[in-house]
Amino acid sequence: MKKTVATILVEHLRKFGVKYSFGIPGKAVVPLILEMEKQEIPFLLARHESGAGFMAGGYAFTNKTLGVAIGTSGPGGTNLLTSAGQALAFHQPVLFITGHPSMKETGKAMGQDSSYFGTDLVKMFESVTLFSARVERAELFEMYFRHALEKALVGRKGPVHLSIPADILREEIEEFSLDLPYDHKHLSSEIDRAVNWIEQAKSPLLFVGKGAQISNGYEEIKDLSLKYNIPIVTTPGGKGSVRSDHPTYLGPFGLGGTDEATHYFQLGVDLLIVVGTKLTDMTLAGFTADFYPEKVIQFDIEPTFVGKSIPVPTLPIIGDAKENIKHILNRGTQSREITSFTHDYDTQIMEQSSGYISAVNAVKVLRNELPSDTMVFGDDGSHSFYAIRHFTILEEGTFLFDDVFGTMGNAIGYSIGAKLANPNQTVVCLSGDGCTLMHGTEISTAVCHSIPVIFVVFNNGRLDMVDKGMRYNIGRSVGTVYEAPVDIQLFARALGADSYKCRTQMEIKEAIAIGLQNSGPTVIEIMVDPEEIPPTMKRG
């Protein structure tokens, strides 16, 4: 039986458990959006295509399936590029679909041409996705769709892109049925060698990144730490992969890192066990040659950055971290007596009378007032690094932050998509005034669809992380302070959200209590001290 390409595509999305799509319509993608309406997959109108891509990423992360973001040809597609880059950094399987006016008319002058003759979206998406292709004939759709699914969901997960011209979407082909590809968990051939290195180590240390969250390897990492008495530090992006009260946890290292983590490196590490991190400059901020271990075991889904950052003998364990650590635990025989570290969470909150509240205090109030299983999406900026240092993790997998691509404003969309995927979980976006000025209009999307995300915005009238970094490194800052700071409360109110401005601990508590009961989004603007120094000064 023949059906249109659009019909077959949407039927598969329904089959794969995709319950929402995100985007902005345009002529070139109208056939697809109409088919989604027909098959009852809600199309959420974003305020910017990047916001749609972020929402699709948050949905994919939480729902553990594909996220779908749609943009029309030309600028609709180029606006999606940043969110594709963010999905690549987060390893989120988002299907980005863009249009093209007409395949049959390609080569003639066309508005918003997305081919070689105009703005070639396929080439543009190549560097921010794992697969990018244009379906130039309807009969190619099945094979290209299959390739896209495999690239998105097998091995190193991530975003993919299909450009499907409007006339191809309407063309009929023989129907077909694909299943989501099965991800065969690759087991490294170096497991026995890794066990030997671990059992011989005198002062090993686990260095855990966000790859642990992607592989859902929380229990395996905890068991490895406890079996061999190996202390744990996390990267900025690995925040949330270990409970803060885990007996061998020393806290984060790098930007936002703790003194305890730094001190342990200073004592001397003979084996560094790296799990799910590329070891970027954000992660290794403050890491000097004196900290070099004798050896490194590096777990990663693929080998591109293995052994590149720390010049010591490195044993690569390529494949899914969860499965490989599980096999190490099964094969290892030696155990060590557990040494528990004292955790000083410094929960004391000091009120200030300057009209501002300390960002450190604000983070502690948030932790005290939010449920233990609250999912926090940290936006890129000093506000999240305060949380990396001071926000206590009570349940694994409840904090997501990117320390690689670092799009300002991404967490606004990610939190909306996540809340749609799991309506029963409290979802908080921790953002700043700079991030909100970039993508804060997506709060309007949450308003229109009654999506009860709590948006917490630290406002100090500047791009704080850049401002303090410039002042620290060169003695002054340029282009980092807003001459007329935005009133976030009024901005959010103009978008239709319930909003509050807070300068004290009690005002934050009251606003959170209201937000937890609201049926729509709540925006909590916290006026933080503009002169407070964030924990980001280790980066040159």
Side-chain angles (χ1 to χ4, degrees), residues 64 91 154-157 182-235 237-253 261 264 269-279 293-303 306-307 310 312-341 343 393 395-398:
K64 308 305 180 187
H91 302 278
V154 176
R156 178 197 177 191
K157 295 179 174 62
Y182 177 71
D183 189 5
H184 298 273
K185 304 296 185 182
H186 175 71
L187 188 63
S188 172
S189 61
E190 300 283 7
I191 294 296
D192 288 336
R193 194 173 169 202
V195 170
N196 182 258
W197 281 27
I198 292 170
E199 294 191 341
Q200 289 185 357
K202 299 293 191 298
S203 55
L205 178 65
L206 271 161
F207 203 0
V208 179
K210 70 171 175 277
Q213 300 207 55
I214 295 165
S215 71
N216 196 32
Y218 310 117
E219 291 300 316
E220 287 72 19
I221 288 170
K222 182 167 59 178
D223 291 345
L224 182 65
S225 169
L226 294 175
K227 179 172 183 176
Y228 292 104
N229 190 26
I230 306 175
I232 303 174
V233 298
T234 49
T235 72
K239 174 79 173 186
S241 56
V242 181
R243 281 176 56 118
S244 296
D245 63 355
H246 181 72
T248 68
Y249 183 50
L250 295 166
F253 184 82
Y264 197 86
V269 172
D270 62 351
L271 177 64
L272 187 64
I273 305 168
V274 177
V275 182
T277 169
K278 298 178 177 69
L279 297 175
E294 296 175 15
K295 297 178 181 178
V296 169
I297 299 174
Q298 191 162 355
F299 292 79
D300 210 314
I301 194 67
E302 50 95 28
V306 172
I310 303 177
V312 300
T314 299
L315 178 63
I317 305 294
I318 306 303
D320 181 76
K322 179 184 179 76
E323 291 301 314
N324 279 291
I325 293 175
K326 188 183 296 184
H327 279 76
I328 286 174
L329 290 167
N330 290 338
R331 296 190 194 183
T333 57
Q334 178 181 326
S335 295
R336 297 190 183 100
E337 185 178 348
I338 298 300
T339 301
S340 295
F341 293 93
H343 297 282
I393 300 299
E395 295 188 22
E396 295 97 341
T398 55

Task: S241 versus G209, closest heavy-atom pair with distance - done: OG-O, 4.4 Å
Open item on the list: Closer than 3.5 angstrom, by distance alone: can the side chain of D320 be matched with the main-chain N or O of S215 as a donor-acceptor pair?
Closed with: no
Open item on the list: If we check side-chain contact (heavy atoms from CB on, under 4.5 Å) with L205, which of these qualifies: I232, L250, D270?
Closed with: L250
Open item on the list: So does W197 get a backbone contact from the side chain of K295, meaning a donor-acceptor N/O pair under 3.5 Å?
Closed with: no
Extract all donor-acceptor atom pairs below 3.5 Å that involve side chains of residues 271-278 and protein atoms in other chains or at least two apart in sequence.
from : atom 1 : to   : atom 2 : distance (Å)
T277 : OG1    : L279 : N      : 3.0

Task: T314 side chain vs V312 backbone, donor-acceptor pair below 3.5 Å - done: yes
Task: 4.5 Å side-chain heavy-atom contact, P204 and I198 - done: no
Task: Exam field: side chain K322 to backbone N216, donor-acceptor pair closer than 3.5 Å - done: yes
Open item on the list: Under 3.5 Å, is there a donor on one side chain and an acceptor on the other for S225 and Y249?
Closed with: no
Task: Residue list, side-chain hydrogen bond (donor to acceptor under 3.5 Å, both in side chains) with Q298, at least two apart or on another chain - done: none
TODO: Drop me the distance from T398's OG1 to I393's CD1, to the nearest 0.5 angstrom.
DONE: 4.5 Å
Task: Set of salt bridge (Lys or Arg N to Asp or Glu O under 4.0 Å) partners for D192, sequence neighbours left out - done: R331
Task: Candidate list V306, D300, I297, test side-chain contact (heavy atoms from CB on, under 4.5 Å), partner I317, passing option - done: I297
Task: Residue pair S188 / N324: nearest heavy atoms and the distance that separates them - done: N-OD1, 2.9 Å
TODO: Could you give me the CA-CA distance, side-chain angles and deciding distance for V233 and Y264, then say whether side-chain contact (heavy atoms from CB on, under 4.5 Å) is met?
DONE: CA-CA 9 Å; V233 298; Y264 197 86; 5.8 Å; no
TODO: Using atom types as modelled and distance alone, determine if a side-chain donor or acceptor of Q213 lies under 3.5 Å from a backbone N or O of K239.
DONE: yes
